[in-house]
Amino acid sequence: MTYQEKKSIVSLISTILIFTVYLLYRYPQYPNEVLDSKVTFHYWGSFILVLTLVSIAAHIVISIVFNIIFRMTTGEKEPTFADELDKRIDLLAFRNSFAMFVSGFLLAMGSLVIDQPLKVMFIVLIVAGFLSDVTGSISRLYYYRRGV
C-alpha cells in the first residue's frame, strides 16, 4: 500500500472514532425538559462548534502520530510533493465530499420546510458533515486503488 492509501485509511478510521466517541459523550447531555429555542440553539451550536474543534485537533494529532509511526516502520519520509495524479484525486474526493454535504444541507433545510423540530435539522447537518468526511476519505482511497 502507498503512503496515500494508508493515510486515507487512518483518516477514515479516525473520523469514525472521533465522531462516535464525541456523539456518545455529548448526545446524552441533551436537555429533555420542555425546551425554548434559546436552549436548543445553545446546545446544538455548542455541539457543532466543539465537535469541529475536537475533530480538527484530533486529526492534527493523529496525522503527526501516523507520520511518526510511518517513518519508524518504513524508514521513509512523507512525500513532500504532489504530482498531477495526487492533485486530481484530491479534487475528485473533494467533489464527492462537497456533493454529500450539500445534499445533507438541502435535506436539513427541507426538514424545516416540512415543519420538523429544530433538533432534526441539526442532526441532519451533523450527520451530513460526518458523511461528507467519510465520503472524502473513501473516495480518496478508491481513486488511489483504482487509478484515475
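The line from CG of L92 to OH of Y142 is 11.0 Å long, rounded to the nearest 0.5 Å. Atom CD1 of residue I138 and atom CE of residue M100 lie 9.0 Å apart, to the nearest 0.5 angstrom. Going from atom CG of L53 over to atom CD1 of I48 covers 12.0 Å, rounded to the nearest 0.5 Å. Within the model, atoms CH2 of W44 and CG of L49 stand 14.5 Å from one another, a figure rounded to the nearest 0.5 Å. If you take NZ on K7 and CG on N67, they are separated by 6.0 Å, rounding to the nearest 0.5 Å. Note: F41 CZ to S46 OG = 13.0 Å, rounded to the nearest 0.5 Å.
If you chain together hydrophobic residues whose side chains sit under 4.5 Å apart, L85 and L91 never meet in one group. By the rule that hydrophobic residues join a cluster once side-chain heavy atoms approach within less than 4.5 Å of another member, V61 and F70 end up as members of separate clusters. Neither L12 nor V65 shares a network with the other; the hydrophobic side chains, linked directly or stepwise wherever heavy atoms of I, L, V, M, F, W or Y lie under 4.5 Å apart, form separate groups for each.
For residues 64-78, there are no salt bridge (charged side-chain N to carboxylate O under 4.0 Å, His left out) pairs, not counting sequence neighbours. Residue pairs that meet the salt bridge (charged side-chain N to carboxylate O under 4.0 Å, His left out) test with at least one member in residues 135-148, sequence neighbours left out, are E5-R145, D90-R140.
Scanning all heavy atoms of the two residues, the minimum distance from I62 to S14 falls at CD1-CB, 3.3 Å.
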What donor-acceptor contacts under 3.5 angstrom involve side-chain atoms of residues 16-25, with partners at least two apart or in another chain?
| residue | atom | partner | partner atom | Å |
| --- | --- | --- | --- | --- |
| T20 | OG1 | I16 | O | 2.7 |
| Y22 | OH | R26 | NH1 | 3.0 |
| Y22 | OH | F47 | O | 3.1 |

Sequence neighbours left out, cut at 3.5 Å: what donor-acceptor pairs do the side chains of residues 107-132 make with other protein atoms?
| residue | atom | partner | partner atom | Å |
| --- | --- | --- | --- | --- |
| S111 | OG | A108 | O | 2.5 |
| K119 | NZ | Y27 | OH | 3.0 |
| S132 | OG | G129 | O | 3.0 |

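Residues Y3 and F66 place their aromatic rings such that the two centres sit under 6.0 Å apart.
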(request) Test D86 against Y144 for side chain to side chain contact (heavy atoms under 4.5 Å, CB included), laying out the working first. (result) CA-CA 8 Å; D86 294 332; Y144 272 114; 2.6 Å; yes
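Remark: S139 engages N96 in a side chain to side chain donor-acceptor pair (under 3.5 Å) (not counting sequence neighbours). Listed by chain and residue number, S137 satisfy the side chain to side chain donor-acceptor pair (under 3.5 Å) test with S11 (two or more places apart in sequence, or in another chain).
Put simply, the side chain of S8 gets close to the backbone of Q4: a donor and an acceptor are under 3.5 Å apart.
Here the side chains of I69 and K6 are not in contact, with every heavy-atom distance at 4.5 Å or above.
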